[in-house]
Each structure stands twice: as C-alpha cells, then as structure tokens.
Q: 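Okay, here's the structure, questions in a sec.
Order of the sequence lines fixes the chain letters, A, B, ..., with proteins taken first and strands second; residue numbering starts at 1 for each chain. Just so we're clear, the structure is a prediction, and the values are computed from it rather than from any experiment.
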2 protein chains.
Amino acid sequence: MGVKSMELNKRKLQILQAIIDDYIVSAEPVGSRTIAKKYDMGISSATIRNEMADLEEMGYLEQPHTSAGRVPSDKGYRLYVDRLMKIKKLSITEAKYIKDLYAKKTNQLEQVIIQTSKILSSLTNYTAVVLGPKMDRVLIKHIQLVPIDKRCALLVLITNNGITKDAVISIPEGIDEDYLYRISNMLNHLFKDKSIEDIKLEPLLKIQKYMLQNREFFNSIIDALTTSIDVGDASEVYLGGAANIFNYPEYHDIIKAKEFFDLLEQKEFLYKLLVRSEKSGVSVTIGQENQYKELQEYSIVTATYSAGGRTLGTLSIIGPTRMEYSKAISVMDFIGKTLSDYLTQLFAEG
Amino acid sequence: MGVKSMELNKRKLQILQAIIDDYIVSAEPVGSRTIAKKYDMGISSATIRNEMADLEEMGYLEQPHTSAGRVPSDKGYRLYVDRLMKIKKLSITEAKYIKDLYAKKTNQLEQVIIQTSKILSSLTNYTAVVLGPKMDRVLIKHIQLVPIDKRCALLVLITNNGITKDAVISIPEGIDEDYLYRISNMLNHLFKDKSIEDIKLEPLLKIQKYMLQNREFFNSIIDALTTSIDVGDASEVYLGGAANIFNYPEYHDIIKAKEFFDLLEQKEFLYKLLVRSEKSGVSVTIGQENQYKELQEYSIVTATYSAGGRTLGTLSIIGPTRMEYSKAISVMDFIGKTLSDYLTQLFAEG
DNA sequence: ATTAGCACTCGTTAAAGGAGAGTGCTAACA
DNA sequence: TGTTAGCACTCTCCTTTAACGAGTGCTAAT
C-alpha cells in the first residue's frame, strides 16, 4: 500500500469535505457513489472508495456497519472546522434582521439577553444558551442604603456595567436615618471601585473597627451584598429554542431527546460548562473534545459578549456533532459583536 | 333497554372509578376482565361489559377501536375529579420534605419561585409552571430617586409585597442633588399606596403642574416606572421538570413531544393562560375544557399563592389528561399553602 | 494509479401469519 | 328482570420470512 497513499493530500481533503458537507444536511451515511455523482471530481467511485478507506484508517471517518457509507468522526469534524469548510457570511437580510432587533432601546438588560437567546436559536435552528453578565470581576460603582421605613432599608448596588442589584435588609432598634446615612457613605467610600470578590475577602478586616457597635447589622449588610451577587450562577442561564432539537433525526429517539432535555434542566451545570476565561472570538467544541461525558455527543459553539472592551458573558449554541458549523459560527460571531456594540453604547449612555 | 339502566347508579360509579384508577397508572385501555379480576365487586365480566357499554353511551368512556378496552373521556375524568377519586393526603415524609425546603430564609423572591417549580415537578412528576408575583394590583410602598453620579440616578420602587424594581435614568443638565431629592419626595408623596395601574392613568394630570420645567425628565421617570413594571409578563414564567413529560408513554411520539415543548417555549402564552382572577384554592382544567385548542390534550392543575391574604401569583402543573389528579391536587394544595405561609412571614419580617 | 466488475454484507421494508385481548350478542339461569 | 357463561368476531401487535438495495472490499484488467 505504500506510505505515500496515507498522506492527507488535496484530493483526500476534497473528498472529506464533500462527505461532511453532504452528511451535515442528509444525516445519512455517505457512500462513494453519492460523492462521485454529486461532486464532479473526475474520478470514479472505486477510487473514492479507496480514499475513503484511507480516511477511515486515518481516523477521519467511521463506518456504522460493514455495508454502510461513511460518517465523519469527531476528528473529521475538527479538520473540517479548522481547514475545510467555507465560512458562509450572513446574508444581508439576516444581518439587517439582527441589527433591527437591537435597534430599539431598553434599560432591561435581562430582556436583551432573553431576546438574544431567541434570535440565536431561530437563526441557527439549534438550542441557544446565553449566560447573564458575570458579576465576580465587575467593579462597584455605587453602593447605598436607602431608608424605607423605621424597620427596614434597601441596599442598592450599582456596577460599572450598569447592572443593579438590591436587597431589603432590616434595621435594628436605635438606628436613626442620619446614622444610616453615615454608614451608607462609609460603605460607598470603602467599596467603590472594588470588585465583588474583594468584598468577600476584605471586609472583616477593614470594617472591624466600625463594627464594634451593631455587629449584627453589619454582618447582615455584608451577607446581603455577597449573596445578592452569588445568585448569578444558575438563575442567569437563559435558554432559547430548546424544541429545535426535534428538527434533527438523531433526536427522534426518545431516549436521546430525554437526555438532552435533562441536560438543559441542569442550569448549574450549563453555567459551569460555559463560563470561561475571557478568550474572545468564537470557539467550537466537538463531541468528545468536551470534558464532560454527558456532552460528548454534542457540539457547542461559543462566543463572548462584552461592553466597553470588558467581557461580560457568553453565548452558545448546542446541537448534534453533525452541525452546520459554517452557519453557526458566522451567526455567533455576528451576534456576539452586535450585542457587544449594543451594550457598549447602552452603558456609555445610561 | 329501559331507562333505568342508564342511571348513574352506585355500581356504574364504582366501575368508572375502577377503570379510571387503572387507566391512570397503566395508560392502556381497560377491559372488563381486568376490572372483574382486580376489583372484587362480586359481578362477572359480562355484567361489567354491559355497564361499560352504558357508560360509553353516556359519554364517560371511549373506545379507541372496536376490540379494545375502554378509555376515560374528558367528561369521565371530570366526574372522577369531582365525585369519585379519593384525595390522597401527602405522606408525612413528603410534607416534612417540603417544609424543610422552605425552612431556610432567603431574601431573593426569585429563588423561592424557582425552587417551588422544582419541588412541584419533582413531587408530582409533571411539568411545573410557576408565575412570578403579579405587579398590577400591588401597592407602592416607597419610591425614591437615588443619585449615583452627575449624569444618572437610580429609580427605586418598593411594593407592599417586598418586591423591588429599579431602573437607571439619566439626569438632564442643571439638576442638582437637592432638587432631585425634592422630586423624589414629591413622587413618593404622590404615588405612595397607589397601585401601579394608577400611575399609568393619573400621572399626566396630577404631575402636570410640576412638569412645566424638565418635562422630558419627568416623562422618562414615568416611562421607567411603567416599563420596569410591565416586564412582569413573559419573563416571570418559571418552568420546572419539563423533561418529566418523557415519563409518559403518550409522549413517546416525537410529534407529541415536540408540540409540548413548543408550547412551553411560548412564555407569553403560558402567562396569559395561567394568570387568573384571585379565586384561591386548587382548580383543575381537563382536556377540552380548556379554551385553547393547543391544550386540549392536556390537563392543568392550578393553585394560587399569596402573602398576607393578598393573592400574588399562581402555580400550575401540566400533564396528560391521564393525570394522577389525586396526588397532583394534594401536592398543589399543600405547596400553595406552604409557599403562602412562607411569603407571608418573609414580608412581615423584611 | 485507476477503474470496471462482482460477490458479499447488512439494514430496511413489506407481506404473512399467528397470538391475544377484548367486545357484542345470544341463550340459559336464578 | 338482572346476571352470566359461551362463542364468534374484530383488531392490534409481534414475529417470521423474503426480497430489496445501497454500499463495501477485492481482483483483475487497463
């Protein structure tokens, strides 16, 4: 057989691309005859058969059973994504559609995120998972205690990303509005321009001197601060288009479908999975590349969004490894950027 | 045949109950022999056959095809729910499990709602839909403008239910902190103890005299107030246990399953469906009783939750018409009450 | 190196043939 | 008059069988 034949020469790449292109839309194992007929490369099906056997031996293709066509392996998809596929730019209609949806203003960050998940899923036809803004590295812009009545006050926290959090806390006896005002100023002075993480670590030391009286009250403030932030985890995972999965025949098996929806219900897991370092741009995880067993039959395309150059969160779509990577990647890229522009502008103004 | 035989006598009710009890767990059409054997009523299968034919003619049972057993009709389920089924009280273990989960405090109302949807779905094995607190009839307890920096302020709104809403609004040139403070007081004075609805109707008239200067600013405040409230609709629909539907053989059909999940994705629709007048207690909608075509193959059990005697929202479960009504109703009832107690206490304190 | 030809594999589909569960009806019975 | 045993009949579901066809690998010819 000679070593020569096992090179990944141009023809092999061409054939691999053709097979994957075909399989992505058909979901059926691809045979040599199909390739020979559909793509006119001037070689016979027998030749293609030989090449396919080589590609299988090299790990780029798999055979469901002896007398079936070939199916791409994860390694095959990886090669396809990195070197073979043609990135499809969004159509002008699609780009305009997206731009228009982000045209109208709203101050409700959550609404924007929800809308993003819907757009993402409707354009890609996969399931979208969008994470709300990460709070941990965000800086505090303003912190204040607002008196409501004799017994309680509202703790308000505003970050430099324009996100607001608040919590009602009760006031112990014998604290008048003026004292509350002084505490409020003190907190603001102490924590302004600090990150949320800092609060968790520092306060006990720095505040200690203020804490001699009303120790409990201070504790409840710190408590409210940290817990109101920590909530960020599971509750800020937004899904869109979960039912899209039914479009794909691999999930017409009830067992598979159930697995998928069970997965989606584990919001904490999704959060852990998709929260990533600030690496911007679009990234693709194919099947077994995923560290989690539960996800090794899926592919995930992830992008980040930011405001004013600071990464805030991630958007992802999740679907079968037989995914329209080309379309998916360009949509993710475009929406990630559009959303970032939108948020940057929003925060700059508001 | 005689008119007599068509009465709903005790024996017919007994048989109907037996059939529905059986069908609810088996999901298979129930035959006369099954009833005769399993439930010892001292009559033969032939007699039961006659009664079943009567029950079918009266509309309580249906026959999928000539040589199959009987299946309850919606009318049959209705009779079952109203008169036949034995309400199963929660086991002590279950009651304790629920109580324990509501034992620990949190100020995050949203977390409580999310947890409720999880508990509901895990105990009933159906899909839970919980609506967040309705805002429209809620009274305003406190309203305030908190200055953040020169260019913007935070509008904070606290309701008598302890719910907080806020929005960042920008301040026009030439408004100093003192003036802002006066406006804040004015707003508070004007809107305190009013409902949100009132704001939408009244402000233009009442505020007009204040609005001579800074008309735009006032408009943006009113805008922020009303929109931050209106969000309430779709974004406050919480789902739990959607994947539970796969436990039931009627949804092993992919078409049916897809329909179900498509339904769940229409949050606005679910909101419209489940938001109801304050009628408290548990209510059941069976199949075609539902006004919406899309839901006529499902049954829905709904309860309300409240705080301090004021109804806030609804909890529901949705599942096949072949539902364990008895279990479902008692769980809904118990959780509705427990949640109400919890919230009542929470708001009384905080 | 390429390709035509061919035997072989294996999954898919359709038809055919029970098996089984259930019914309605009739006739006998208390 | 209500109840029940018996029976013919219906219809779905499951299994078996056979034929089909898409696809492969190998061999031999080009």
Q: Rounded off to whole Å, could you give me the CD-to-P distance for the A:Glu51 and C:dT2 pair?
A: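 Between P of C:dT2 and CD of A:Glu51: 7 Å.
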Q: By the 4.0 Å heavy-atom rule, please label B:Thr34 as base, sugar-phosphate, or nothing.
A: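 Sugar-phosphate, no base atom in range.
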Q: Whole Å only: how far is the CD1 atom of B:Ile43 from the P atom of C:dA30?
A: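 Roughly 19 Å, once rounded to whole Å.
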Q: Can you find a heavy atom in the side chain of B:Tyr298 that is under 4.5 Å from one in the side chain of B:Asn290?
A: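 B:Tyr298 vs B:Asn290: side chains apart.
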Q: What's the closest nucleotide to the side chain of A:Ser44 if the choices are C:dA4, D:dT24, D:dA5?
A: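 Nearest nucleotide to the side chain: C:dA4.
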Q: For A:Ile35 and D:dA22, what is the distance between atoms CD1 and P respectively, to the nearest whole Å?
A: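 My rounded result for the distance is 16 Å.
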Q: Quick one: closest heavy-atom pair of A:Val301 and A:Ala328, and the distance?
A: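 Smallest interatomic distance, heavy atoms only, reads CG2-CB, 4.3 Å.
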Q: Under the side chain to side chain donor-acceptor pair (under 3.5 Å) criterion, do B:Tyr325 and B:Ser299 qualify, and how do the steps go?
A: CA-CA 9 Å; B:Tyr325 292 101; B:Ser299 280; 2.6 Å; yes
Q: Could you check B:Tyr251, B:Phe261, B:Phe260 and say which one makes a ring pair (Phe, Tyr, Trp, His ring centres under 6.0 Å) with B:Phe246?
A: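 Among B:Tyr251, B:Phe261, B:Phe260, the one meeting ring pair (Phe, Tyr, Trp, His ring centres under 6.0 Å) with B:Phe246 is B:Phe261.
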Q: Can you check the A:Met52 CE to C:dT2 P distance for me, whole Å?
A: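 Rounded to whole Å, this separation is 16 Å.
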Q: Can you confirm whether B:Gln63 is buried at CD, in the sense that more than 12 heavy atoms of other residues, nucleotides or ligands lie under 6.0 Å from that atom?
A: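 Above 12, so yes.
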Q: With axes from five pairs an end, tell me the bend angle of the helix from C:dA1-D:dT30 to C:dA30-D:dT1, nearest 10°.
A: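 Computed angle between terminal axes is 20°.
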Q: Extract all donor-acceptor atom pairs below 3.5 Å that involve side chains of residues 74-81 of chain A and protein atoms in other chains or at least two apart in sequence.
A:
residue, atom, partner, partner atom, Å
A:Asp74, OD2, A:Gln288, N, 2.8
A:Lys75, NZ, A:Met58, O, 2.7
A:Arg78, NE, A:Glu289, OE2, 2.9
A:Arg78, NH1, A:Asp82, OD1, 3.1
A:Arg78, NH2, A:Val284, O, 2.8
A:Arg78, NH2, A:Glu289, OE1, 2.7
A:Arg78, NH2, A:Glu289, OE2, 3.4
A:Tyr80, OH, A:Asp21, OD1, 2.6

Q: Nearest-Å distance, CG (B:Asn50) to P (D:dG2)?
A: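 Interatomic distance, CG of B:Asn50 to P of D:dG2: 11 Å.
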Q: Taking only residues two or more places apart in sequence, or in another chain, which ones meet A:Ile92 in a side-chain contact (heavy atoms from CB on, under 4.5 Å)?
A: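 Applying side-chain contact (heavy atoms from CB on, under 4.5 Å) to A:Ile92 gives none.
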Q: Locate the shortest heavy-atom distance separating A:Ser117 from A:Ala128; write the atom from each residue and the value.
A: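 Closest pair (atom of A:Ser117, atom of A:Ala128, distance): O-CB, 3.4 Å.
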Q: In whole angstrom, give the distance that lies between atom CD1 of B:Ile48 and atom C1' of C:dA21.
A: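 After rounding, the gap between these two atoms is 15 Å.
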Q: Could you state the CE-P distance from B:Met41 to D:dG2, rounded to the nearest angstrom?
A: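 The answer, rounded to whole Å, is 19 Å.
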Q: Side chains of A:Tyr39 and A:Ile15: closer than 4.5 Å at any heavy-atom pair?
A: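 SC-SC contact between A:Tyr39 and A:Ile15 ruled out.
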Q: Identify the two heavy atoms, one from A:Leu315 and one from A:Leu120, that lie closest to each other, and give their separation to 0.1 Å.
A: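 Distance-wise, the nearest heavy atoms are CB-CD2, 3.8 Å.
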Q: What does the list of N/O pairs under 3.5 Å between the protein and nucleotides 6-8 of chain D look like, with a distance for each?
A:
residue, atom, partner, partner atom, Å
D:dG6, O6, B:Arg49, NH2, 3.3

Q: Check the interface with nucleotides 8-11 of chain C: list each N/O to N/O pair with the protein under 3.5 Å, or write none.
A:
residue, atom, partner, partner atom, Å
C:dT9, O2, A:Ser67, OG, 2.9
C:dC10, OP1, A:Thr66, OG1, 3.2
C:dC10, O4', A:Ser67, OG, 3.0
C:dC10, O2, A:Ser67, OG, 3.4

Q: Evaluate B:Ser316 against B:Thr302 for side chain to side chain donor-acceptor pair (under 3.5 Å), listing each step before the verdict.
A: CA-CA 4 Å; B:Ser316 312; B:Thr302 302; 3.3 Å; yes
Q: Between atom CZ in A:Arg11 and atom P in C:dA1, what is the gap in whole Å?
A: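 It works out to 10 Å between those atoms.
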Q: Please tabulate, one pair per line, each protein N/O and nucleotide N/O from nucleotides 27-30 of chain D that are separated by under 3.5 Å, including the distance.
A:
none

Q: Where each residue is assigned the nucleotide of DNA chain D containing its nearest heavy atom, which of B:Ser45 and A:Pro29 is assigned the position nearer the 5′ end?
A: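 Going by which nucleotide is closer to the 5' end, it is B:Ser45.
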Q: Counting just side-chain N and O atoms, does A:Arg33 come under 4.0 Å of either OP1 or OP2 of D:dT24?
A: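 Looking at the OP1 and OP2 atoms of D:dT24, neither is under 4.0 Å from any side-chain N or O of A:Arg33.
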Q: Report the distance from atom NZ of A:Lys89 to atom NZ of A:Lys327, rounding to the nearest 0.5 Å.
A: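 Answer rounded to 0.5 Å: 14.5 Å.
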Q: With respect to A:Asp54, which candidate in A:Arg11, A:Lys12, A:Arg70, A:Arg49 satisfies the salt bridge (Lys or Arg N to Asp or Glu O under 4.0 Å) definition?
A: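 One option only clears the test, and that one is A:Lys12.
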Q: So, is A:Thr47 close to the C:dT2 phosphate, meaning a side-chain N or O under 4.0 Å from OP1 or OP2?
A: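 No, outside the criterion.
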Q: Quick check: closest heavy atoms across B:Leu264 and B:Ala242, and the distance to 0.1 Å?
A: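 In this case the closest contact between B:Leu264 and B:Ala242 is CD1-CB, 3.7 Å.
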